[in-house]
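In what follows, a single structure is set out as C-alpha cells and then discussed.
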Amino acid sequence: MEQEIEQFATFLGVKCDNLEIVAGSQMPSMITKNGSKIRGQHTISKYLAILADKKYLLGTTHEEKALVNQWLEYRQTHLDRCGNTQDVNNVLTYFNSYMENRVYVAGYKLTLADILLFQSLFCLLEEMTFYEKQKYMNISRWYNQVQNTPGVRQSKPLLVFQRNILYKGREH
C-alpha cells in the first residue's frame, strides 16, 4: 500500500515525505503541508492529486467524480479483499462486464480509479495465462491502455496480452 502511494506520487511529480504505515494496522497516514494528519490510501491519493494540481484525476463532472469514488470503494471492499479463486472470478467478471463499452473507468480520461485499480489488478493479471486473460478481454484492453500511459507502470513489468482468439468452443 505504501509503495502504491509512493508510485502514484512519482507519477504526479510530487513528494510524499511524511508517509507512514501505522504499526498494527494497514492504514497509511501522512502529515500534510499544514500539519494535519490524513489517513487512508484513497484519501492520501486524492490529496496528492490536488497538491500536484491534477484535480482532473478525481473526475471533472459530478458523474465522473461519483464514478471515481464508486470504483475506489469497490477496489477497497471487493478487489482488495478477494479471499479465494471464486471471489477473484466474480470481481473480474463484474469489472469486465462494466468495461465493455468504456475506455476508462469514469469516462474517456484516465482517473485516480484507473491508476489504483491498475495497481490492484497487476498481481492477478501477472499470474494469468493468455487463455485466462482472454476471458476478460475488456479488462485486458483497458489494462493494456493504462499500463502504456507514460508514468503509470513505472517499475512493474509490461504485461503482454494476446490480441487474437486462442481457443473457441467449450473443448478448452
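- Residues N144 and Q147 have side chains in contact (heavy-atom distance under 4.5 Å, counting atoms from C-beta outward).
- Taking the ring axis of Y143 as reference, the NZ or CZ atom of R141 does not stay both within 45° of it and closer than 6.0 Å to the ring centre.
- Distance CE/M99 to CD/Q145: 8.0 Å, rounded to 0.5 Å.
- Residue L92 forms a side-chain contact (heavy atoms from CB on, under 4.5 Å) with just one option from E132, K135, M128, and that option is M128.
- Ring pair H78/Y74 is parallel by interplanar angle, where below 30° counts as parallel and above 60° as perpendicular.
- Between the side chain of S36 and the main chain of T32, no donor-acceptor pair closer than 3.5 Å is present.
- I50 and I5 end up in the same hydrophobic cluster when Ile, Leu, Val, Met, Phe, Trp and Tyr side chains are linked at under 4.5 Å.
- Around atom NZ of K15, no more than 12 heavy atoms belonging to other residues, nucleotides or ligands sit under 6.0 Å away.
- Around the CD atom of E2, the shell of radius 6.0 Å holds more than 12 heavy atoms that belong to other residues, nucleotides or ligands.
- With sequence neighbours left out, Q76 forms a side-chain hydrogen bond (donor to acceptor under 3.5 Å, both in side chains) with no residue at all.
- Between E6 and C16, the shortest heavy-atom distance links the atoms CG-SG, 3.9 Å.
- Although no hydrogens or angles enter the test, the distance criterion places a donor-acceptor pair under 3.5 Å between the side chain of N96 and the main chain of N138.
- Side-chain contact annotation: K46 with N69, donor-acceptor N/O pair under 3.5 Å present.
- Residues L12 and L57 meet the side-chain proximity criterion, which asks for heavy atoms closer than 4.5 Å.
- Under 4.0 Å is where a charged nitrogen must lie from a carboxylate oxygen, and between K37 and E20 at least one such pair does.
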*Decide yes or no on side chain to side chain contact (heavy atoms under 4.5 Å, CB included) for Q7 and V152, but give the supporting numbers first.*
CA-CA 8 Å; Q7 287 176 345; V152 172; over 6 Å; no
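- In this structure, the side chains of V105 and V68 stay at 4.5 Å or more apart for every pair of heavy atoms.
- Judged purely by atom type and a 3.5 angstrom limit, R153 has no side-chain atom pairing as donor or acceptor with the backbone of T149.
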_Does N90 form a side chain to side chain contact (heavy atoms under 4.5 Å, CB included) with Y94? I'd like the steps, not just the answer._
CA-CA 6 Å; N90 290 341; Y94 179 77; over 6 Å; no
*Steps toward side chain to side chain contact (heavy atoms under 4.5 Å, CB included) verdict (Y98, W71)*: CA-CA 11 Å; Y98 176 81; W71 284 100; 3.3 Å; yes
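- Connection of L112 to Y108 is established within a shared hydrophobic cluster, with ILVMFWY side chains joined at heavy-atom distances below 4.5 Å, either directly or through further cluster members.
- Here the straight-line distance linking atom OG of S29 with atom CG of L19 works out to 7.0 Å at 0.5 Å rounding.
- There is no path of hydrophobic side-chain contacts, each under 4.5 Å, that joins M27 to I38.
- When only modelled atom types and interatomic distance are considered, K109 and T60 share a side-chain donor-acceptor pair under 3.5 Å.
- Around the CG atom of D53, the shell of radius 6.0 Å holds no more than 12 heavy atoms that belong to other residues, nucleotides or ligands.
- Using a 4.5 Å cut-off on side-chain heavy atoms (C-beta onward), V160 and F130 make contact.
- Here the side chains of V146 and Y104 are in contact, with some heavy-atom distance below 4.5 Å.
- Between I115 and L110, the closest side-chain pair of non-hydrogen atoms falls below 4.5 Å.
- Aromatic ring centroids of W142 and F118 lie 6.0 Å or more apart.
- No side-chain heavy atom of R39 sits under 4.5 Å from any side-chain heavy atom of I44.
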List the atom pairs, with distances to 0.1 Å, where a side-chain N or O of residues 119-127 and a protein N or O form a donor-acceptor pair under 3.5 Å, not counting sequence neighbours.
| residue | atom | partner | partner atom | Å |
| --- | --- | --- | --- | --- |
| Q119 | NE2 | E4 | O | 3.4 |
| S120 | OG | R75 | NE | 2.6 |
| S120 | OG | R75 | NH2 | 3.0 |
| S120 | OG | D80 | OD1 | 2.8 |

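- Side-chain atoms of S97 never come within 3.5 Å of backbone atoms of T93 as a donor-acceptor pair (strictly under, hydrogens ignored).
- Of all the heavy atoms in E64 and A106, the pair that sits closest is CG-O, 3.2 Å.
- A donor-acceptor pair under 3.5 Å is formed between the side chain of D87 and the backbone N or O of G83.
- Side-chain contact between V88 and N84: absent, with no pair of heavy atoms (C-beta onward) separated by less than 4.5 Å.
- A continuous path of hydrophobic side-chain contacts links L67 to V103 [ILVMFWY only; heavy atoms under 4.5 Å].
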